[in-house]
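As structure tokens, the structure follows; a few thoughts come after it.
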Protein chains: 2
Amino acid sequence: MNTALSAIERFSRYQSDDAQSEKPVHCPVRDVLDRIGDKWSMLMIMTLARRPQRFSELRRAIRDISKRMLTQTLRDLERDGLITRHVFPTKPPSVEYRLAPLGQSLLEPMASLIDWADRRYSDIRAARACFDGTPGNVPRQT
Amino acid sequence: MNTALSAIERFSRYQSDDAQSEKPVHCPVRDVLDRIGDKWSMLMIMTLARRPQRFSELRRAIRDISKRMLTQTLRDLERDGLITRHVFPTKPPSVEYRLAPLGQSLLEPMASLIDWADRRYSDIRAARACFDGTPGNVPRQT
DNA sequence: TAAATATGGTCTATATTTGAGACATGGTCG
DNA sequence: CGACCATGTCTCAAATATAGACCATATTTA
């Protein structure tokens, strides 16, 4: 738990920098979180963790992503060095995406998050049901 | 590393369910990730990890969030049982937000992500610079 | 030979989300 | 009376995501 807090403290250093300067020092944590914390990136990384996959395999694996977002997410992840892109000169050219070492190293921390999600999901659902069901959450106005 | 993979495997169970059924079983991991993986939630939780804070304190801490999104993010986190909301009947009423136990329990996994971000940030920046600087990333067309 | 299929994308028009900032509420201060 | 504080809500505009048409090329099917 204090391990956790020390990481948070490290983060908060940037936060206060942020609060001081006009042009904020770009907080690494935030920068990274903005990248991998979007709708598809983690999903993509988890999917590629199973095995390298091609464009259309990824599309099948993550059924509700649009081609546009798939392309864009892959580009962004490639740009940040988390995945690599390999083109094979097959008849209709095929492209395979793989987790780069940097992406591999993200699996460990991500796994602990997945673990948390899995273990706590019932609590969240309970809280949600409670919040939604309780009269008194509707009249929010003071 | 195989700890990581086992978590990923657990996740992929839902993925394949997903691929089979028309109306997908809602994957807990994904459900949770969609919630805390938005633009502000993690930031909010990290900020509240330092200490309970009031609406305007949060606004100052996260300078570029709009009131609208601040309210909405707080509501969503409250709904999911990650934070709690306490109204004090001071002259202009004040509202304090606190991390709930469920939110506390998220700190540990989140910390490992922060840790990763902090340690790997230079690698990411390097990859980014390389990608942006390398001619040959522009002509992406086959 | 022509049509259909598959690949990895891009482009456009629409839908959704986010942000900026006006407005509300009720009490205190000058 | 009028201004100000805190905590929101509301509306409208801007940014972003989505669906799905379209493209070029090559192979298989009819």
Side-chain angles (χ1 to χ4, degrees), chain A residues 18 24 30 33-44 47-48 52-79 83-98 131 136-142, chain B residues 18 22 24 30-31 33-44 47-48 52-79 83-98 131 136-142:
Chain A
D18 231 36
R30 197 154 158 193
L33 248 43
D34 277 354
R35 166 55 28 86
I36 64 170
D38 66 6
K39 192 168 181 184
W40 305 111
S41 294
M42 289 215 200
L43 222 48
M44 196 74 68
T47 304
L48 287 175
Q53 284 177 73
R54 297 170 48 182
F55 190 85
S56 28
E57 285 180 293
L58 287 170
R59 218 161 116 65
R60 273 190 293 275
I62 308 179
R63 292 206 335 301
D64 52 348
I65 194 174
S66 66
K67 282 203 276 191
R68 196 178 181 289
M69 287 315 289
L70 180 53
T71 304
Q72 186 179 307
T73 304
L74 288 169
R75 283 294 171 282
D76 289 344
L77 291 174
E78 185 193 1
R79 185 170 101 101
I83 67 177
T84 53
R85 182 179 184 267
H86 308 266
V87 184
F88 298 104
T90 50
K91 320 59 176 303
S94 55
V95 180
E96 191 182 74
Y97 293 93
R98 293 177 199 164
F131 186 92
N137 57 342
V138 179
R140 175 62 71 187
Q141 195 63 277
T142 316
Chain B
D18 230 35
E22 276 315 298
R30 200 155 155 190
D31 196 2
L33 248 45
D34 277 354
R35 164 55 28 87
I36 65 169
D38 66 5
K39 193 168 179 185
W40 304 112
S41 293
M42 288 214 201
L43 221 48
M44 195 73 68
T47 304
L48 286 175
Q53 282 177 73
R54 297 173 46 186
F55 189 85
S56 26
E57 286 181 294
L58 287 169
R59 218 161 117 65
R60 273 189 294 275
I62 307 177
R63 288 201 345 295
D64 52 348
I65 194 174
S66 66
K67 280 200 284 188
R68 194 181 178 287
M69 290 314 290
L70 180 54
T71 304
Q72 186 178 308
T73 304
L74 288 169
R75 282 292 169 282
D76 289 344
L77 291 174
E78 185 192 359
R79 185 169 102 101
I83 66 176
T84 53
R85 181 180 185 266
H86 307 267
V87 183
F88 298 104
T90 49
K91 319 53 169 324
S94 56
V95 180
E96 191 182 75
Y97 292 92
R98 294 177 198 163
F131 186 94
N137 56 344
V138 180
R140 177 61 71 187
Q141 194 62 278
T142 315

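So that the names make sense, note that chain A is the first sequence line, chain B the second, and so on, each numbered from 1.
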- prompt: If only atom types and distance count, is the side chain of Glu57(A) paired as donor or acceptor with the main-chain N or O of Arg54(A) below 3.5 Å?
  reply: yes
With respect to the phosphate group of [N], does any side-chain polar atom (N or O) of [X] fall under 4.0 Å of OP1 or OP2?
X: Tyr97(B); N: dT7(D); value: no
X: Arg54(B); N: dT7(D); value: yes
X: Trp40(B); N: dG19(C); value: yes

message: Classify Phe88(A) by what it touches in the nucleic acid, base, sugar-phosphate, or nothing, heavy-atom distance under 4.0 Å.
response: nothing
Mind calculating the distance between [atom1] ([X]) and [atom2] ([N]) to the nearest angstrom?
X: Lys39(B); N: dT16(C); atom1: NZ; atom2: C1'; result: 15 Å
X: Met69(A); N: dT10(C); atom1: CE; atom2: C1'; result: 14 Å
X: Arg59(A); N: dT7(C); atom1: CZ; atom2: P; result: 11 Å
X: Ile65(A); N: dT16(C); atom1: CD1; atom2: C1'; result: 16 Å
X: Leu74(B); N: dA6(D); atom1: CG; atom2: P; result: 16 Å

Counting only side-chain heavy atoms from C-beta out, which of [options] sits nearest to [X]?
X: Pro92(B); options: dG26(C), dT18(D), dT11(D); value: dG26(C)
X: Lys67(B); options: dT9(D), dG8(C), dT7(C); value: dT9(D)
X: Phe55(A); options: dT9(D), dG9(C), dC10(D); value: dG9(C)
X: Ser94(B); options: dT18(D), dA6(D), dG8(C); value: dA6(D)
X: Arg75(B); options: dT18(D), dA6(D), dT9(D); value: dT9(D)
X: Thr71(A); options: dT7(D), dT7(C), dT10(C); value: dT10(C)
X: Ser66(B); options: dG9(C), dG19(C), dT7(D); value: dG19(C)

- prompt: Run the side chain to side chain donor-acceptor pair (under 3.5 Å) check on Asp38(A) and Ser41(A) step by step: do they pass?
  reply: CA-CA 6 Å; Asp38(A) 66 6; Ser41(A) 294; 2.8 Å; yes
message: Any non-hydrogen side-chain atom of Thr84(B) less than 4.5 Å from a side-chain atom of Tyr97(B)?
response: no
- prompt: Closer to the 5' end of DNA chain D via nearest nucleotide, is it Ser56(B) or Arg68(B)?
  reply: Ser56(B)
task: Using a strict cut-off of less than 4.0 Å between a Lys/Arg side-chain nitrogen and an Asp/Glu carboxylate oxygen, indicate whether Arg98(B) and Glu96(B) qualify as a salt bridge.
output: yes
query: Less than 4.0 Å between a side-chain N and a carboxylate O, is that true for Asp64(A) and Arg59(A)?
result: no
